[in-house]
Amino acid sequence: MLLKELLYTLTLVNKNEDIADFSNAKIILAAGYGLAQGKDNEYFTKLCSIAKAIDAKVASTRKVVDFEFLPKNTQIGQTGAYAEADLYI
């Protein structure tokens, strides 16, 4: 999947919000920097594809956002959004 397709998928998954609203999310798939393995966004692309398939929202840590593997609207945690989902992976 190309970066353009990844960003489109994130737009669908997180509805192009500046800061994601996870308050109504039933399922959240979260990713930390370890998923990058210091290389590229290959695994983040796969994560977004899975999220799209199961109608989940994508969340990430600040380090993932800082290194621009995923956009800011996916950040969750202390400096991001608050979440209370039925399933958080």
Side-chain angles (χ1 to χ4, degrees):
M1 185 179 284
L2 301 171
L3 183 57
K4 183 177 179 181
E5 292 169 328
L6 170 65
L7 293 176
Y8 176 72
T9 300
L10 285 173
T11 299
L12 293 177
V13 171
N14 286 2
K15 298 185 179 119
N16 205 22
E17 301 151 343
D18 289 334
I19 296 177
D21 177 15
F22 292 100
S23 62
N24 62 352
K26 300 284 185 199
I27 303 171
I28 296 173
L29 293 182
Y33 184 70
L35 195 62
Q37 307 210 353
K39 296 186 266 182
D40 55 34
N41 66 359
E42 174 187 355
Y43 294 114
F44 295 108
T45 301
K46 290 178 182 181
L47 179 83
C48 292
S49 296
I50 293 168
K52 183 179 177 185
I54 64 172
D55 196 30
K57 284 202 171 191
V58 174
S60 66
T61 62
R62 181 175 179 175
K63 190 168 184 179
V64 169
V65 172
D66 287 347
F67 279 86
E68 299 179 350
F69 286 113
L70 292 173
K72 174 119 174 91
N73 71 345
T74 64
Q75 187 175 332
I76 197 166
Q78 185 177 8
T79 57
Y82 171 78
E84 190 175 318
D86 295 337
L87 180 61
Y88 189 105
I89 302 171

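Sequence positions, counted from 1, serve as the residue numbers for this chain.
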Inset, instruction - Taking the side chain as every heavy atom from C-beta outward, state whether Leu29 and Ile50 have any pair of such atoms under 4.5 Å apart. - result: yes
Legend entry - Approximate separation, where rounding is to 0.5 Å, of Ile54 CD1 and Ile27 CD1: 4.5 Å
Inset, instruction - List for me each residue that meets side-chain contact (heavy atoms from CB on, under 4.5 Å) alongside Tyr88, sequence neighbours excluded, and say none if there are none. - result: Ile28, Ala30, Ile76, Ala83
Legend entry - Value rounded to 0.5 Å, distance of NZ in Lys72 from CG in Asp66: 8.5 Å
Inset, instruction - Can you establish whether the number of heavy atoms outside Asp55 located under 6.0 Å from its atom CG is more than 12? - result: no
Legend entry - Rounded distance (nearest 0.5 Å) linking atom CG of Leu35 with atom OG1 of Thr45: 9.5 Å
Legend entry - Student check: side-chain heavy atoms of Lys57 and Asn73 closer than 4.5 Å: no
Inset, instruction - Using the six-membered ring wherever Trp is involved, compare the ring planes of Phe67 and Tyr33 and label them parallel, tilted or perpendicular (cut-offs 30° and 60°). - result: tilted
Inset, instruction - Heavy atoms only: give me the nearest Phe44-Ala31 pair and the separation to one decimal. - result: CE2-CB, 3.6 Å
Legend entry - Nearest heavy-atom neighbours spanning Val64 and Gly32: CG2-C, 3.3 Å
Legend entry - Pairwise distance CD(Gln75) to NZ(Lys63) - rounded to 0.5 angstrom: 13.5 Å
Legend entry - Shortest non-hydrogen contact from Ala51 toward Val58: CB-CG2, 3.5 Å
